[in-house]
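A short write-up of the structure that comes next.
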Number of protein chains: 2
Amino acid sequence: MRAEALKGHLDGLLLAALEDGPQHGYAVKEALRDATDGKIDLPTGTVYPALHRLEQAGLIKGSWSVVGGRRRRTYELTEKGRRSLAGARDHWQEFAAVMSAALGGGPWPVTN
Amino acid sequence: MRAEALKGHLDGLLLAALEDGPQHGYAVKEALRDATDGKIDLPTGTVYPALHRLEQAGLIKGSWSVVGGRRRRTYELTEKGRRSLAGARDHWQEFAAVMSAALGGGPWPVTN
DNA sequence: TCGCTATAGGTAGCAATCCTACATATAGGA
DNA sequence: TCCTATATGTAGGATTGCTACCTATAGCGA
């Protein structure tokens, strides 16, 4: 998976990973990796700053805890985050449709 | 259309616009706009540097001409460019599938 | 003639984003 | 004791698309 491909689409993925309940950063990273057959395996230097950004923007809310002697920061979606996730899904649909139209080679070949 | 969404996907679009024959930069910009219902309306400050990048990379080849008193730089795909376009389509397919899987909300709702 | 728009090309510098590389710390197995 | 997995974090770099600006011609309307 080319690195630049993800640019601008990461926030939605992180929000989606938090949709089914609060998670800490490392778990989000693993959830995304497992959901995509390992194709999206984000480095921690991507995940943590991105989560900080989302928290800064008020889309998620974090809280510290200690589990098994390790400190954890658990994040959960805010109402704003839920709306943002819905928007991200809409935007993705539109973007994917437009890209497929402009890139050509059939609208939705889905050869995999 | 969110601006950052395009990042990393522009090159493929430009190559696709040149697939059916040589075009000059301004025509590429218009072709992309028309093919997407105006949803991808690139500023010239995006198109020209991107074409320069593609030429630098050997994916397209440009040549000057004068039409109607205006100088034009006409670009055409190289063999390398054709291969790159095919690769871009494959990558897009994979990326779209992975994104849809991770973003959730159904695999291909295509509500538009 | 003057001004505006469309066509056609271009650059400089900014902002955003993701990555690499590194640092810290605990738990547990070899 | 060392290594790996878990868990979080930062600094700095590279890439990329955009904003804002510049130059120039053709053609139309006032």
Side-chain angles (χ1 to χ4, degrees), chain A residues 1-15 17 22-34 39-57 59-60 62-75 88 91 95 98-99 102, chain B residues 1-15 17 22-34 38-57 59-60 62-75 88 95 98-99 102:
Chain A
M1 179 79 66
R2 284 173 59 255
E4 319 92 49
L6 206 55
K7 288 213 177 181
H9 302 284
L10 177 60
D11 292 7
L13 295 179
L14 296 176
L15 294 175
Q23 295 289 344
H24 59 286
Y26 199 85
V28 166
K29 169 182 149 69
E30 290 193 307
L32 229 39
R33 191 192 57 200
D34 294 347
K39 280 163 192 157
I40 296 184
D41 194 1
L42 302 169
T44 66
T46 293
V47 175
Y48 293 116
L51 289 172
H52 298 164
R53 221 192 313 134
L54 293 176
E55 188 173 24
Q56 197 75 22
L59 304 183
I60 60 178
S63 60
W64 286 107
S65 61
V66 175
V67 178
R70 291 194 199 86
R71 63 183 193 136
R72 270 188 188 169
R73 188 150 182 86
T74 301
Y75 294 100
H91 288 141
F95 175 68
V98 165
M99 269 296 294
Chain B
M1 178 80 66
R2 284 174 60 256
E4 319 91 50
L6 206 55
K7 289 214 175 179
H9 303 284
L10 177 60
D11 292 6
L13 295 180
L14 296 176
L15 294 175
Q23 296 287 346
H24 58 285
Y26 199 84
V28 166
K29 168 183 150 65
E30 291 193 306
L32 228 41
R33 192 193 54 199
D34 295 347
K39 279 163 193 158
I40 296 185
D41 194 1
L42 302 169
T44 66
T46 294
V47 175
Y48 294 117
L51 289 171
H52 299 165
R53 222 192 313 132
L54 293 176
E55 187 173 25
Q56 196 76 21
L59 304 182
I60 61 179
S63 60
W64 285 107
S65 61
V66 176
V67 178
R70 291 195 198 85
R71 62 183 194 139
R72 272 190 186 165
R73 187 150 182 87
T74 302
Y75 294 100
F95 175 68
V98 165
M99 269 297 292

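Below, chains carry the letters A, B, ... as their sequence lines are ordered, and counting in each starts from 1.
For A:L42 and D:dT6, the CG to P distance is 16 Å, given to the nearest whole Å. Rounding to whole angstrom units, OH of residue B:Y75 and P of C:dA8 are separated by 14 Å.
Although no hydrogens or angles enter the test, the distance criterion places a donor-acceptor pair under 3.5 Å between the side chain of B:E55 and the main chain of B:G62. Formation of a donor-acceptor pair under 3.5 Å by the A:K29 side chain with backbone atoms of A:L42 is found in this model.
Proximity of B:R71 to B:W64: side-chain heavy atoms (C-beta onward) are separated by under 4.5 Å at one or more points. Residues A:I60 and A:L14 have side chains not in contact (no heavy-atom distance under 4.5 Å, counting atoms from C-beta outward). Counting heavy atoms from C-beta on, the side chains of B:M99 and A:L13 come closer than 4.5 Å. Proximity of A:D11 to A:R53: side-chain heavy atoms (C-beta onward) are separated by under 4.5 Å at one or more points.
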Review item, nucleotides 19-23 of chain D N/O atoms under 3.5 Å of protein N/O:
none

Would you list the protein and nucleotides 15-17 of chain C atom pairs, both N or O, that sit under 3.5 Å from each other?
unit_1 : atom_1 : unit_2 : atom_2 : d
C:dT17 : O2     : A:K7   : NZ     : 2.8

So which protein nitrogen or oxygen atoms get under 3.5 Å of nucleotides 3-7 of chain C's nitrogens or oxygens?
unit_1 : atom_1 : unit_2 : atom_2 : d
C:dT7  : OP2    : B:Y26  : OH     : 3.4
C:dT7  : O2     : B:R70  : NE     : 3.0

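The aromatic rings of B:H9 and A:H9 lie perpendicular to each other, with more than 60° between the two planes, well past the 30° mark.
For A:Y48, a side-chain nitrogen or oxygen approaches OP1 or OP2 of D:dT8 to under 4.0 Å. Between B:H52 and C:dT11 there is a side-chain N or O to OP1 or OP2 distance below 4.0 Å.
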Original post:
For B:Y75 and B:V28, what are the C-alpha separation, side-chain angles and deciding distance, and is it a side-chain contact (heavy atoms from CB on, under 4.5 Å)?
Top reply: CA-CA 9 Å; B:Y75 294 100; B:V28 166; over 6 Å; no
Subject >> Evaluation steps, side-chain contact (heavy atoms from CB on, under 4.5 Å), between B:Y26 and B:V47 >> reply: CA-CA 8 Å; B:Y26 199 84; B:V47 175; over 6 Å; no
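Considering all non-hydrogen atoms of both residues, B:L32 and B:A17 come closest at CD1-CB, 4.3 Å.
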